[in-house]
Amino acid sequence: MVADDATGLKKVQLRSSAGSSAEVFLHGAHVTSWKDNSGQEQIFVSKQAVFKPPKAIRGGVPVCFPQFGDMGPVKAQHGFARNSEFTLVNATTDSVKLSLNPTKEQRQGNFPDHALFVKVTVGDNTLTEELEVINSTEAESPLKFTAALHTYFRISDISQTHVQGLSGLQYLDNMQNRQEGTDEAQVISIAGEIDRIYVKAPDHLKIVDKKGSKVISIHKTNFPDAVVWNPWVEKAKGMADFGDEEYKEMICVEAALATSGPVELAAGKSWVGTQLFKTSKL
Ligand code: TA6
């Protein structure tokens, strides 16, 4: 059901029969919490996050649409969906569907009309998030977009965490002007700032949190790329809505339609991308 959060914003609280739970703000259709059956929080939100629309909440799962980063025509980094108020379509105990029909102003004048839906469901140690885009039936041209579900995962210690599934892949390094590289390492360990777009990444990835003795499995569909980001020391200090030491307890592994995009969606057609997370013991 929709509740007033302490921040004054509206959120929907979800609970599964297995005991997992989640919270989704109508602002940005922004997931800010997912606790597995044990009640352990799996999502990172900065203690300094600002809950004041249109600013995006720092952490959780920002919905990057109609573009990832600067990969599109909209001037706002990561598009406007994460800065917009969504509307409740329907909700059950364990699932919620939200919609956004952005006004001309929200579309920043130049982005074509469309409908956007975000559906979030909790299950047995799982969280599923679905992004659906529908191009207007009256559209005169295809709707071109990139996108990402920019998840900040909560981990126990970044120095004892690694990502599995990206070995041998080509990536674009956002820290080197998107210069191409190839990751030969068996797993990705983080010992400094990392900001990479892995191109055509496998749909199954894993985050191994050794200190937390847990694995978060990620299964994405229709998001061909994966982004790995940790701001590390300097970038952390440079973000007012992010604690200087918080880089140690988070890692972003993002289901993305970035370099492999944009998708060109014909009039009246829809596109759906999903991500499913599941926790297990290491
Ligand atoms: O997904 C990684 C990234 O594109 C980084 O380059 C960094 O900018 C991060 O997103 C956060 O972006 P934001 O606009 O939320 O500060």
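These numbers come from the heavy atoms of this one structure, side chains and all, not from hydrogens, waters or symmetry mates. In this chain, numbering begins with 1 at the start of the sequence shown. In listed order, ligands and their atoms are each counted from 1.
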Judging by distance only, is a nitrogen or oxygen of His78 under 3.5 angstrom from one on ligand 1?
-> yes
For Thr146 and Met71, indicate whether the former's side chain and the latter's backbone hold a donor-acceptor pair under 3.5 Å. yes
Practice problem: Might you work through the side chain to side chain contact (heavy atoms under 4.5 Å, CB included) test for Gln42 and Arg154, ending with a clear yes or no? | Solution: CA-CA 5 Å; Gln42 304 302 329; Arg154 174 166 292 286; 5.8 Å; no
One finds that the ligand 1 atoms under 4.0 Å from a non-hydrogen atom of Asp195 are 2 (C), 5 (C), 6 (O)
Quick look: Met239 vs ligand 1, heavy-atom contacts under 4.0 Å, and the answer is neither
among protein heavy atoms, the one nearest atom 8 (O) of ligand 1 is Gln77 NE2, 3.3 Å
Contact check: Arg82 vs ligand 1, nitrogen or oxygen atoms, below 3.5 angstrom: yes
Smallest heavy-atom separation, Gln48 atom then Gly243 atom, equals OE1-CA, 3.6 Å
Look only at interatomic distance and state if Trp229 has a nitrogen or oxygen under 3.5 Å from any nitrogen or oxygen of ligand 1.
no
Counting from 1 in the order shown, the ligand 1 atoms closer than 4.0 Å to a non-hydrogen atom of Phe68 are 1 (O), 4 (O)
**OP:** Show your reasoning for whether side-chain hydrogen bond (donor to acceptor under 3.5 Å, both in side chains) applies to Asp94 and Thr92.
**Re:** CA-CA 6 Å; Asp94 61 3; Thr92 61; 3.0 Å; yes
Closest to atom 9 (C) of ligand 1 among protein heavy atoms sits His150 NE2, 3.6 Å
Per-atom filter on ligand 1: closer than 4.0 angstrom to a heavy atom of Glu254 are 1 (O), 2 (C)
Within the 4.0 Å heavy-atom cut-off, what Arg196 brings close to ligand 1 is neither
Under 3.5 Å, is there a donor-acceptor pair between the side chain of Asn37 and the main chain of Asn125?
-> yes
(request) Please determine if Lys235 forms a cation-pi arrangement with Tyr247, meaning its NZ or CZ atom is less than 6.0 Å from the six-membered ring centre and no more than 45° off the ring axis. (result) no
On a heavy-atom basis, the closest approach of His30 and Ile57 is CE1-O, 3.1 Å
